[in-house]
Amino acid sequence: MATGKEIADLLHEMVDRDMAFMHICGTHEAAIARSGLRSLLPARLRIVMGPGCPVCITPQGEIDAALDLVEKDCIIATYGDLLRVPGSKGSMESCGGDIRVVQGVHKAVGIADKTDREVVFISVGFETTAPTVAATILAHPPENFSILSCHRIVPPAMKWLLEQGEAKLNGFMLPGHVCTIMGYEEYEQFPVPQVVAGFEPDDILLGLLMLVRQVKEGTHRVDNAYPRAVSREGNVKAKKVMYEVFEPFDVEWRGFPVIPGSGLRLKKEFEQYDAQKKFDIVFRQISKHSACICDKVLRGIAQPSDCKLFAKVCSPRTPVGPCMVSHEGACKIWHQYQLKKP
Ligand code: SF4
């Protein structure tokens with residue numbers, strides 16, 4: 001197998017036109033930034049960040065819904081990354097409620113086991129995390145436990161991005177973690193070059209090489225540069241469990257309008273665990289009133305350093321938008337590695 005240096009040299013020989021490939025995974029962005037991989041690439045080859053951070057794409061209305069649950073005296077169990085994400089009326093960190101940081105849904109159930117109060121798990125994540133939550137629901141957690149489902153699924157967002165065409169993409173680097181669960185069969189519907197890539201710099205370079213080859217051949221298919229973890233059909237059991245408990249529905253993403261079939265909500269037979277139904281909570285759409293351009297960063301039409309607040313008003317200590325809060329957020333990653341626009 002060729003080394004990373006050899007692949008980079010090949011890319012320099014092969015890239016003879018402008019090409020832009022979007023990844024949809026915060027872990028890819030972190031690996032690219034940490035390794036300085038962009039500096040090895042031909043100037044005409046761009047890696048564009050997409051909506052690959054599940055915390056970042058959680059819209060203000062869903063953060064507000066979590067705060068509504070605080071007002072109903074629920075204990076909120078959430079991932080640490082969500083704590084400082086701003087809604088329209090503050091964040092979970094600043095709301096003064098009983099907020100518990102947990103590492104996963106099983107810890108939230110553990111809290112419910114030890115109290116008579118209502119415990120709500122703020123359930124964010126792509127297809128990578130939804131099966132674990134589904135398995136927890138199937139195991140019949142206590143009656144005082146419920147989830148606020150903020151899950152999203154990736155392919156409908158890709159469909160939206162391709163239909164809009166504003167990011168002018170030549171193809172996608174598919175999210176390796178999501179594909180571990182889902183496989184890549186469902187991505188074959190998209191008429192653009194795609195590759196499933198792992199997270200080592202050499203994995204990413206190999207993925208880019210496969211994408212460039214497809215562009216130059218004038219073809220499109222899904223190549224797999226991560227066969228040690230991903231198969232075409234994915235984890236069939238995990239997918240079955242996920243769709244036994246959840247069903248797709250139309251939902252807004254931060255920076256995007258409502259995308260048909262892009263969210264996951266609990267099916268009717270599990271509604272006793274649905275915090276929205278249990279506490280009569282609605283997700284409101286909130287208009288943006290800020291100079292933050294997370295919306296554009298998430299749609300792949302701006303980079304963090306295009307934001308006039310980047311590293312000035314907005315930093316990991318004083319985040320203005322979610323992309324500076326989450327460890328998978330593009331702004332936080334760029335701030336950490338002091339990246340500027342190439
Ligand atoms: Fe938003 Fe801050 Fe990123 Fe600007 S730097 S886009 S304000 S998160």
Side-chain angles (χ1 to χ4, degrees), residues 20 22-34 36-38 46-67 78-95 101 122 124-126 150 152 157 160-161 164 166-169 175 252-257 259 283-342:
M22 176 181 275
H23 68 66
I24 309 177
C25 180
T27 312
H28 272 146
E29 185 55 34
I32 290 163
R34 191 169 47 241
L37 200 144
R38 281 192 178 87
R46 282 191 307 126
I47 309 177
V48 178
M49 293 156 281
C53 161
V55 168
C56 305
I57 53 92
T58 302
Q60 284 187 309
E62 290 173 37
I63 303 297
D64 286 356
L67 300 180
T78 178
Y79 297 116
D81 260 12
L82 266 181
L83 270 188
R84 301 172 75 195
V85 174
S88 71
K89 50 183 188 179
S91 67
M92 282 187 262
E93 185 183 53
S94 64
C95 72
V101 173
I122 311 300
V124 298
F126 295 122
C150 306
R152 299 291 190 283
W160 188 92
L161 285 160
Q164 296 300 313
E166 59 181 354
K168 305 202 178 351
L169 303 172
E252 177 194 1
W253 297 42
R254 194 181 288 242
F256 294 73
I259 303 177
F283 290 159
R284 290 180 295 273
Q285 284 189 298
I286 312 283
S287 309
K288 184 186 137 185
H289 298 290
S290 153
C292 170
I293 60 163
C294 275
D295 53 341
K296 291 182 176 163
V297 173
L298 291 165
R299 296 204 306 274
I301 54 173
Q303 296 182 323
S305 55
D306 293 331
C307 177
K308 61 187 179 193
L309 306 183
F310 180 73
K312 297 180 186 110
V313 176
C314 183
S315 72
R317 278 177 177 271
T318 55
V320 176
C323 298
M324 191 60 92
V325 177
S326 169
H327 72 280
E328 292 193 352
C331 299
K332 185 163 184 183
I333 292 167
W334 279 46
H335 192 276
Q336 182 177 357
Y337 296 103
Q338 301 182 322
L339 296 181
K340 297 184 178 68
K341 197 170 181 171

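Both counts, for ligands and for their atoms, begin at 1 and track the order of listing.
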- Numbering the atoms of ligand 1 from 1, which are under 4.0 Å from a heavy atom of C307? 4 (Fe), 5 (S), 6 (S), 7 (S)
- Is it true that P304 lies under 4.0 Å from ligand 1, counting heavy atoms only? no
- Task: Would you kindly specify which portion of C331 sits under 4.0 Å from ligand 1, judged on non-hydrogen atoms: side chain, backbone, both or neither?
- Result: side chain
- Item | Residue pair R299 / W160, side-chain heavy-atom distance below 4.5 Å | yes
- Item | Candidate list C294, P86, C292, test side-chain contact (heavy atoms from CB on, under 4.5 Å), partner V320, passing option | C292
- Task: Return yes if some donor-acceptor pair links the side-chain N/O of S326 with the main-chain N/O of P54 below 3.5 Å, else return no.
- Result: no
- Query: Near M324, which atoms of ligand 1 are under 4.0 Å from a heavy atom of that residue?
  - Reply: 8 (S)
- Message: Quick test of your reading of the model: are E29 and K332 salt-bridged, counting only N-O distances below 4.0 Å?
- Response: no
- Message: For C292, which part has a heavy atom under 4.0 Å from ligand 1: side chain, backbone, both, or neither?
- Response: both
- Any side-chain heavy atom of P304 within less than 4.5 Å of one from H335? no
- Side chain proximity check, I63 to R254, heavy atoms < 4.5 angstrom: yes
- Which protein heavy atom lies closest to atom 8 (S) of ligand 1, and at what distance to 0.1 Å? C294 SG, 3.4 Å
- Message: Checking a contact table here: which protein heavy atom is nearest atom 2 (Fe) of ligand 1, and how many Å away?
- Response: C314 SG, 2.3 Å
